[in-house]
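See structure below.
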Amino acid sequence: MRKTGNVTAYREGLRHKILDTAMSLFKKKGIKAVRMDDIATEMAISKRTLYEIYSNKEDLLYECVKNENEVLMKKLSDYAENAENEMAVVAYFIKLRLKDLGSINPLFFIEMDKYERIVNFFKANNAKQTARSQEFMRKGIEHGFFRSDLNYDIINKMGDATMNHVMRTRLYEKYKLDEIFHTFVIVFMRGCCTEKGLEYLDRFVEKN
């Protein structure tokens, strides 16, 4: 029984290492350029072992996307539990995204759009995130950080439209993804903040 438990723990640990390694390669090189062989070689495991856990690249990519989203949400949730206020959570989110986007090949996002299963995942997840975002903004309004005279559903849709425009017009060929995100999110947040919120946001920008 103990042996079975150890094997299960090993497989679970290996599964997470595969997800981390594969996602790192996908982001660095783009999805199309990465083969299952490349992932196995990077991890120094056999192709057979890799295929026993993930039978094809699309399944692996899907699990990578799901896992990364879960990890990000947990980081934000854990941080928010002890955060000073909503603006601190915003600052933490910006830091996480800037760090990540600074090392991503734009091909990763372009090629991911070709996988219907993943596109559908993002659509479903976006609906959940919108609900969470609305509740987050409501609390920020109560605490005096966000303006109460704005329709945040419209703002969320404008944000989605902006990101779609960035990808459609290939703005990433002229500017880095982290620069695009930084510019957008600062303008976005400044429009949503009260004077109290702006003071906090400006301090964060000065430090970073």
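- The pair D20-K17 fails the salt-bridge criterion, with no side-chain N (NZ, NE, NH1 or NH2) lying under 4.0 Å from an Asp/Glu carboxylate O.
- Linking Ile, Leu, Val, Met, Phe, Trp and Tyr residues whenever their side-chain heavy atoms come within less than 4.5 Å places M167 and F181 in a single cluster.
- N126 is linked by a side chain to side chain contact (heavy atoms under 4.5 Å, CB included) to T130, D160, counting only residues two or more places apart in sequence or in another chain.
- In plain terms, the two heavy atoms of F145 and E86 that are nearest each other are CD1-OE1, 3.7 Å.
- Residues passing the salt bridge (charged side-chain N to carboxylate O under 4.0 Å, His left out) test with K57, sequence neighbours excluded: none.
- The two residues I155 and C192 come nearest to each other via the heavy atoms CD1-SG, 4.0 Å.
- By the 4.0 Å N-to-carboxylate-O rule, K176 lies too far from D178 to be salt-bridged with it.
- A salt bridge between R190 and D202 is present, with a side-chain N of the basic residue lying under 4.0 Å from a carboxylate O of the acidic one.
- Rounded to the nearest 0.5 Å, atoms CG (L72) and CD (E70) are 11.0 Å apart.
- The shortest distance between side-chain heavy atoms of L101 and H182 does not fall below 4.5 Å.
- Taking the side chain as every heavy atom from C-beta outward, F121 and Y62 approach each other to under 4.5 Å.
- Judged purely by atom type and a 3.5 angstrom limit, S133 has no side-chain atom pairing as donor or acceptor with the backbone of Q129.
- Applying the salt bridge (charged side-chain N to carboxylate O under 4.0 Å, His left out) criterion to K74, with sequence neighbours excluded, gives D78.
- If you chain together hydrophobic residues whose side chains sit under 4.5 Å apart, M137 and I154 never meet in one group.
- Remark: K114 does not engage E111 in a salt bridge, criterion side-chain N to carboxylate O under 4.0 Å.
- The distance from atom CZ of R170 to atom NE2 of H165, rounded to the nearest 0.5 Å, is 13.5 Å.
- Of the possible donor and acceptor atoms, none in the side chain of D100 sits under 3.5 Å from a partner among the backbone N and O of L96.
- M73 and V90 end up in the same hydrophobic cluster when Ile, Leu, Val, Met, Phe, Trp and Tyr side chains are linked at under 4.5 Å.
- Checked by atom type and distance alone, the side chain of T21 never pairs as donor or acceptor with a backbone atom of M43 at under 3.5 Å.
- The heavy-atom pair separating N156 from Q134 by the smallest distance is ND2-NE2, 4.1 Å.
- No continuous path of ILVMFWY side-chain contacts below 4.5 Å connects V187 to M163, so the two sit in separate hydrophobic clusters.
- L107 places none of its side-chain heavy atoms less than 4.5 Å from the side chain of K32.
- Formation of a donor-acceptor pair under 3.5 Å by the K196 side chain with backbone atoms of H143 is found in this model.
- Looking at N85, its side chain does come within 3.5 Å of a backbone N or O of A88 through a donor-acceptor pair.
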Starting from the C-alpha separation in whole Å, work towards a yes-or-no answer on side-chain contact (heavy atoms from CB on, under 4.5 Å) for L150 and R147. CA-CA 6 Å; L150 300 176; R147 293 172 55 172; 4.1 Å; yes
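- A chain of hydrophobic side-chain contacts below 4.5 Å, direct or via other Ile, Leu, Val, Met, Phe, Trp or Tyr residues, connects L177 to F122.
- Annotation for M87 and C193: closest pair CE-SG, 3.8 Å, computed over non-hydrogen atoms.
- Atoms CG and CZ, on D38 and F26 in that order, are 9.5 Å from each other to the nearest 0.5 Å.
- Residues K157 and Y152 form no side-chain contact, since every pair of their non-hydrogen atoms from C-beta on lies 4.5 Å or further apart.
- T49 and S46 are linked by a side-chain donor-acceptor pair at a separation below 3.5 angstrom, with hydrogens and angles left out of the test.
- Every residue was checked against the side chain to side chain contact (heavy atoms under 4.5 Å, CB included) condition with K28, not counting sequence neighbours, and none meets it.
- Atom CD1 of I118 sits about 6.5 Å away from atom CD of E58, to the nearest 0.5 Å.
- Side-chain contact, N56 with D59: a donor N or O sits under 3.5 Å from an acceptor N or O.
- In this structure, V119 shares a hydrophobic cluster with no other residue, the cluster being traced through Ile, Leu, Val, Met, Phe, Trp and Tyr side chains under 4.5 angstrom apart.
- In the displayed structure, Y175 atom OH is contacted under 6.0 Å by at most 12 heavy atoms of other residues, nucleotides or ligands.
- By the 4.5 Å heavy-atom criterion applied to side chains, T162 and F188 are not counted as neighbours.
- Between the S148 side chain and the I141 main chain, no donor and acceptor come within less than 3.5 Å of each other.
- In this structure, E195 places its CD atom where only 12 or fewer heavy-atom neighbours from other residues, nucleotides or ligands lie under 6.0 Å away.
- Ring pair Y92/Y79: centre-to-centre distance below 6.0 Å.
- Between E68 and K27, at least one side-chain nitrogen of the basic residue sits less than 4.0 Å from a carboxylate oxygen of the acidic one, meeting the salt-bridge criterion.
- Evaluation of the side-chain hydrogen bond (donor to acceptor under 3.5 Å, both in side chains) rule for R138 yields E135, E142 as partners, not counting sequence neighbours.
- K95 is listed as a side-chain neighbour of F204, based on a closest heavy-atom distance under 4.5 Å.
- In this structure, T194 and G144 approach most closely via the heavy-atom pair OG1-O, 2.5 Å.
- Taking 4.5 Å as the limit, every side-chain heavy atom of F184 sits out of range of all side-chain heavy atoms of V166.
- By the 6.0 Å contact criterion, CE on M158 is open, its count of non-hydrogen atoms from other residues, nucleotides or ligands being 12 or less.
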